[in-house]
Q: 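Below: one structure in structure tokens.
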Amino acid sequence: LSTVLNQTAKWRVLDPCCGSGTFLVTAIERILREESQKTPEVLLQDVFNRVSGIDLNPLAVLMARVNYFIHIVDLLPKEITNLVVPIYLGDASYVPQNMTVDGIPCIEYTLNTIKDPIDVILPTALIQNTPVFVETMLEYEKLIISKDPVSATKSLIKRIPEGHKTETIRTKVGQLSEQLVNLEKKGWNGIWARILTNFLTTAALGKFDVIVGNPPWIDWKNLPTTYR
């Protein structure tokens, strides 16, 4: 690993099953050593852009985010309103797919639940700026919880670039809002909008120079058929 990193300038590293974030913390510490001459603001963005993790276990994601935060806390400004630690709840073996709708690049994903699958198609342009997308989806989630599919749909469409708001995409956003509100009315929604935010964001992380990590400790015969 050290040999690869030494040969690659501005390397980017991803741990797709990061657990508590041990490998990611090691990568952060290396960046802090190598780039110590930079200002805290620049160094913070450097770490965020170069070190990311994914895990399917919500508890692991929480632990990894805490460990990540501990190692960058000294770089944070005194006043901060929006912080997105690049550790995401997601399934590295089943990532959202790229597709085109009315000539617009989109991300397609189906989140399977014990009730009904949640089908999502959103323009890639909406997802690419992670902090803005997270903020957008938090607003969207509040409107879903208030059982207002019309306002929820408008809030998402408002954030889509003007040239990407085709009729088909508007319909897809409306259908997603209706589906989540219906789940909310039945008491089944929970935090699906937040979960979708994490899963969709994994499709917009870009390319990495190094993939690190330990494989999940699951016996092969206990894996679901789709994973095998």
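These numbers were taken from a predicted model, which means no experiment stands behind them.
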Q: Between the side chains of Thr197 and Tyr140, does any donor sit under 3.5 Å from an acceptor?
A: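 Result is no, nothing qualifies.
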Q: Between Arg50 (side chain) and Val13 (backbone), is there a donor-acceptor pair under 3.5 Å?
A: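 Flag not set: sc Arg50 to bb Val13 has no pair under 3.5 Å.
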Q: Do Ile28 and Phe48 have side chains that get closer than 4.5 Å, going by heavy atoms?
A: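 Answer no - side chains too far apart.
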Q: Which atom pairs, one a donor and one an acceptor, fall under 3.5 Å between side chains of residues 36-43 and the rest of the protein, sequence neighbours left out?
A:
{"from": "Lys38", "atom 1": "NZ", "to": "Glu35", "atom 2": "OE1", "distance (Å)": "3.3"}
{"from": "Lys38", "atom 1": "NZ", "to": "Asp46", "atom 2": "OD2", "distance (Å)": "3.3"}
{"from": "Thr39", "atom 1": "OG1", "to": "Val42", "atom 2": "N", "distance (Å)": "3.3"}

Q: Are more than 12 heavy atoms from other residues, nucleotides or ligands located less than 6.0 Å from atom CZ of Arg194?
A: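 No - once you tally the heavy atoms of other residues, nucleotides and ligands closer than 6.0 Å, there are 12 at most.
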Q: Which atom names give the shortest non-hydrogen contact between Asp15 and Val212, and what distance separates them?
A: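 Scanning both residues, the minimum pair turns out to be OD1-O, 3.0 Å.
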Q: Answer whether the closest heavy-atom distance between the side chains of Val120 and Leu111 falls below 4.5 Å.
A: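 When only atoms from C-beta onward are counted, Leu111 and Val120 do not touch, as no gap falls below 4.5 Å.
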Q: Could you tell me which non-hydrogen atom of Gly53 sits nearest to which non-hydrogen atom of Leu24, and how far apart they are?
A: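 So the two residues come closest at CA-CD1, 3.7 Å.
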Q: For Ile169 versus Cys106, what's the shortest heavy-atom pair and its separation?
A: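 So the minimum-distance heavy-atom pair works out to CD1-SG, 4.0 Å.
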Q: Going by the rule ring-ring contact (aromatic ring centres under 6.0 Å, His included), which residues pair with Tyr109 if we only count those two or more places apart in sequence or in a different chain?
A: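 Listed in chain order: Tyr94, Phe199.
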Q: Test of understanding: with side chain to side chain donor-acceptor pair (under 3.5 Å), list the residues that count as partners of Ser52, not counting sequence neighbours.
A: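 Scan of Ser52 (side chain to side chain donor-acceptor pair (under 3.5 Å), adjacent residues dropped) gives none.
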Q: Taking salt bridge (Lys or Arg N to Asp or Glu O under 4.0 Å) as the test, write out the residues that go with Lys158, two or more places apart.
A: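 By the salt bridge (Lys or Arg N to Asp or Glu O under 4.0 Å) rule, Lys158 matches Glu139.
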Q: Of all heavy-atom pairs between Gly206 and Arg12, which one has the smallest distance, and what is that distance?
A: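 The answer is C-NH1, 3.9 Å.
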Q: Name each donor-acceptor pair under 3.5 Å that joins a side chain in residues 95-102 to protein atoms two or more places apart or in another chain, with its distance.
A:
{"from": "Gln97", "atom 1": "NE2", "to": "Val95", "atom 2": "O", "distance (Å)": "3.0"}
{"from": "Asp102", "atom 1": "OD2", "to": "Thr166", "atom 2": "OG1", "distance (Å)": "2.9"}
{"from": "Asp102", "atom 1": "OD2", "to": "Thr168", "atom 2": "OG1", "distance (Å)": "2.8"}

Q: In the hydrophobic clustering (ILVMFWY, side-chain contacts below 4.5 Å, transitive), which residues join Val25, or is it alone?
A: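 Members besides Val25: none; it forms no cluster.
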Q: A side-chain contact here means heavy atoms from C-beta on lying under 4.5 Å apart; do Gln179 and Ile118 qualify?
A: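 Yes, side chains in contact.
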Q: Suppose we screen for side-chain contact (heavy atoms from CB on, under 4.5 Å). Which residues come up paired with Val150, at least two apart in sequence or across chains?
A: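 Val150: side-chain contact (heavy atoms from CB on, under 4.5 Å) contacts with Asp148, Lys154.
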Q: Return the set of residues passing side chain to side chain donor-acceptor pair (under 3.5 Å) with Thr136 (not counting sequence neighbours), or none when no residue passes.
A: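 Side chain to side chain donor-acceptor pair (under 3.5 Å) check on Thr136 returns Arg159.
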Q: Counting only pairs under 3.5 Å, give me each side-chain donor-acceptor contact of residues 54-70, with atom names and distances, residues two or more places apart or in other chains.
A:
{"from": "Asp55", "atom 1": "OD1", "to": "Asn57", "atom 2": "N", "distance (Å)": "2.9"}
{"from": "Asp55", "atom 1": "OD2", "to": "Cys18", "atom 2": "N", "distance (Å)": "3.3"}
{"from": "Asp55", "atom 1": "OD2", "to": "Gly19", "atom 2": "N", "distance (Å)": "2.9"}
{"from": "Asn57", "atom 1": "OD1", "to": "Leu59", "atom 2": "N", "distance (Å)": "2.8"}
{"from": "Asn57", "atom 1": "OD1", "to": "Ala60", "atom 2": "N", "distance (Å)": "3.3"}
{"from": "Arg65", "atom 1": "NE", "to": "Ile87", "atom 2": "O", "distance (Å)": "2.8"}
{"from": "Arg65", "atom 1": "NH2", "to": "Ile87", "atom 2": "O", "distance (Å)": "2.8"}
{"from": "Arg65", "atom 1": "NH2", "to": "Asn198", "atom 2": "OD1", "distance (Å)": "2.8"}
{"from": "Asn67", "atom 1": "ND2", "to": "Ser20", "atom 2": "O", "distance (Å)": "2.7"}
{"from": "Asn67", "atom 1": "ND2", "to": "Met63", "atom 2": "O", "distance (Å)": "3.4"}
{"from": "Tyr68", "atom 1": "OH", "to": "Val47", "atom 2": "O", "distance (Å)": "3.2"}
{"from": "Tyr68", "atom 1": "OH", "to": "Val51", "atom 2": "O", "distance (Å)": "2.9"}

Q: Please identify each residue that fulfils side chain to side chain donor-acceptor pair (under 3.5 Å) with Glu29, with sequence neighbours left out.
A: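 Side chain to side chain donor-acceptor pair (under 3.5 Å) list for Glu29, sorted by chain: His71.
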Q: What closest approach, in Å, do Pro131 and Val84 show between heavy atoms, and which atom pair accounts for it?
A: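 In this case the closest contact between Pro131 and Val84 is CA-CG2, 4.0 Å.
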Q: Is the number of heavy atoms from other residues, nucleotides or ligands within 6.0 Å of NZ (Lys142) greater than 12?
A: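 No, not enclosed.
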Q: Taking side chain to side chain donor-acceptor pair (under 3.5 Å) as the definition, give me every residue that meets it alongside Asp119, ordered by chain and number, with sequence neighbours left out.
A: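 Residues passing side chain to side chain donor-acceptor pair (under 3.5 Å) with Asp119: Thr110.
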Q: Less than 4.5 Å apart, side chain to side chain, heavy atoms only: is that true for Gln175 and Thr171?
A: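 Touching, per the 4.5 Å side-chain cut-off.
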Q: Can you give me the closest heavy-atom contact between Ile144 and Ser177, atom names plus distance?
A: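 Closest approach of Ile144 to Ser177: CD1-O, 3.9 Å.
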Q: I want to check something: taking the side chain as every heavy atom from C-beta on, are Tyr88 and Thr130 in contact at a cut-off of under 4.5 Å?
A: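 Counting from C-beta outward, Tyr88 and Thr130 do come under 4.5 Å.
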Q: With a 4.5 Å limit on heavy-atom distance, are the side chains of Val173 and Leu122 in contact?
A: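 In short, these two side chains touch, coming nearer than 4.5 Å.
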Q: Kindly write out the residues that satisfy side-chain contact (heavy atoms from CB on, under 4.5 Å) with Lys165, not counting sequence neighbours, or none if the list is empty.
A: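 Applying side-chain contact (heavy atoms from CB on, under 4.5 Å) to Lys165 gives Ile157, Ile160, Glu162, Arg170.
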Q: Side chains of Ile145 and Glu184: closer than 4.5 Å at any heavy-atom pair?
A: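 With C-beta onward as the side chain, the pair touches.
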